[in-house]
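Whatever order the structure lists ligands and atoms in, that order sets their numbers, starting from 1.
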Amino acid sequence: MIEYILAREFQGLMYYLTACLLFLIITPRVSFMRFGRKLLFVGILAAMSYFYLGYEEIDPLVYAFHLVPVCVALIAIYEGWIPGVATAAAFIWGNIFIAGNEWMPATIASSLVAAAGIAYHYRMPSPETLKRMLTTHFLLVVGYMALFIGVSIATREPLDYERMLVTGIGTLLSSPLVAYTYYLVKHQERLTEELFNAEKYHLIGQLTASISHEIRNPLTTARGFLQLMGRSGLDAETLERYRTNALEGIDGANAIITDYLNYSKPSVDEPRLLDVRQELASVEQWVKPLCVMTGVELVSRHNVQEELLVVGDSKKLQQCLLNVMKNAIESMPEGGVLTVSSRKENGKVLIFIRDTGIGMNEQQLQRIGMPFYTTKEKGTGLGLMVVTNLIQAMGGKLHFRSKPGQGTICEVHLPIQKDDEPVIPQPAR
Ligand code: ADP
Ligand code: MG
């Protein structure tokens, strides 16, 4: 009997964990609104329940005394009211119509447990800790079991205590297991989100370092001229020259700060007509200090003088170009040449960013752009993933060619915008 009950318990759990894993695997890959995520969960759960209830042999006691408490408590605690209520309703329905149990014990117990779990979900201190999640889940499961037995006794349900004992032990043991698995995968999802943000701040941090270097130059010059102005016996013309030079230095520093503040502002989706050359020119301004610091020569080669028009969000396109150029510069720690060029071809705008750095072999080329793939000590491996996403959202493509020891060419292909076509905003992520 013990083996039979345990086997049924495992079987139910397998289905349930599969549903949880499917949900947690799908959500980070698709950008859902919060509400959409919850509906997705309900959908997956319904599909899994369909197979489980329709095609598996179900033990009524295992269903009511094991699966229901473990699952209802878990989802109520972790996912809030929509999935919580849906799970409770689905299990109550299955308990009556499929498992064929008496309706009262499981209905009362699971409704109360779902309500308690949902209440906890919205009061949960953030960030939730593993210990707190495991304890709450365990307490809710124990609460369910007590309610179930209580209501059964009150309604004079016949109880098979021996089978209940075995099933109950299985339930208590699987509670931490299930809650722990769910916590781990869910935590992974949050970690990914945090890393996304980390990459952004990392980039801004590095920019800040190079930008403060860039600001210092004009300020030092200005200081020098101000100092010179203090000398005695200067004629009016020299004095005026010094004054103009000092002001120019301060204006230069001011311009850098203004541009930087524009860059670090959170960007909004504003698809409009962009001239690729202008975008490239402003990004080149940004990477210049980085180039100087690492001894890289920046060569900008744009053959034709006509405008290269595309539709997109200026900040996002700049972010992409900046990421690619930064990678190129980082691949040349000993210095080298960074060549940026652009042209029109077959109805596309092509941008080439070429470096003479360490290059990549076939395997490395296949892996770039995958989340977390990095060969750098302080890299996040998210830069190119973000770039790929943004370029795709603009209807474009990213292509790399590389040889180890020789360098890399990154090609960005963007659909060209004809002057007479209306600007149709693309949904960008
Ligand atoms: P990160 O720069 O944080 O490592 P990226 O997604 O920007 O993350 O790049 C992923 C990896 O791709 C880098 O760690 C590097 O190994 C490789 N890579 C990208 N661009 C180049 C390049 N121009 N030359 C050599 N390797 C590159
Ligand atoms: Mg990078």
Quick one: pull up NZ in K316 and CD in E279 and give me the separation to the nearest 0.5 Å.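 Interatomic distance, K316 NZ to E279 CD, rounded to 0.5 Å: 13.5 Å.
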Working to the nearest 0.5 Å, report the span between OG of S341 and CG of L280.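 Output value for this atom pair is 9.0 Å.
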Taking heavy atoms and a distance under 4.0 Å, where does T375 meet ligand 1: side chain, backbone, both or neither?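 It is both parts that get close, each with some atom under 4.0 Å.
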Of all residues at least two apart in sequence or in a different chain, which pass the salt bridge (charged side-chain N to carboxylate O under 4.0 Å, His left out) check with R223?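 Expected list: none.
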Which ligand 1 atoms are under 4.0 Å away from a heavy-atom of I368?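 The atoms of ligand 1 under 4.0 Å from a heavy atom of I368 are 12 (O), 17 (C).
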Numbering the atoms of ligand 1 from 1, which are under 4.0 Å from a heavy atom of T374?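 That gives atoms 1 (P), 4 (O), 14 (O) of ligand 1.
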Given I358, N323, T356, N327, which has its nearest heavy atom closest to atom 19 (C) of ligand 1?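 Answer by nearest heavy atom: N327.
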Selection from S331, A328, G369 by shortest heavy-atom distance to atom 25 (C) of ligand 1: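 Looking at heavy atoms only, S331 sits closest to atom 25 (C) of ligand 1.
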Measure from the side-chain N and O atoms of Q366 to the backbone N and O of Q363, and report whether any donor-acceptor pair falls under 3.5 Å.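 No: the side chain of Q366 does not pair with the backbone of Q363.
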Under a 3.5 Å distance rule, please check whether Y122 uses its side chain to pair with a backbone N or O of W81 as donor and acceptor.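 Checked: pair present.
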Please indicate whether any nitrogen or oxygen in Y373 is less than 3.5 Å from any nitrogen or oxygen in ligand 1.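 Not met; the criterion fails.
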Any N/O of L384 closer than 3.5 Å to an N/O of ligand 1?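 Between L384 and ligand 1 (N or O atoms, distance only) the closest approach is under 3.5 Å.
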Could you tell me whether F65 and F148 have their ring centroids closer than 6.0 angstrom?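 Here the rings of F148 and F65 have centres that are less than 6.0 Å from each other.
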Considering residues at least two apart in sequence or located in another chain, which fulfil the ring-ring contact (aromatic ring centres under 6.0 Å, His included) criterion with F97?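 Expected list: W93.
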Can you list the protein N, O or S atoms less than 2.8 Å from the Mg ion (ligand 2)?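 Counting only protein N, O or S atoms under 2.8 Å from the Mg ion (ligand 2), the list reads N327 OD1.
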If the threshold is 4.0 Å, N to carboxylate O, is there a salt bridge linking E240 and R243?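 Between R243 and E240 there is a salt bridge, with a charged N closer than 4.0 Å to a carboxylate O.
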Which pairs pass salt bridge (Lys or Arg N to Asp or Glu O under 4.0 Å) with one or both residues in residues 72-96, sequence neighbours excluded?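 Passing the test, one end in residues 72-96: R37-E79, E79-K186.
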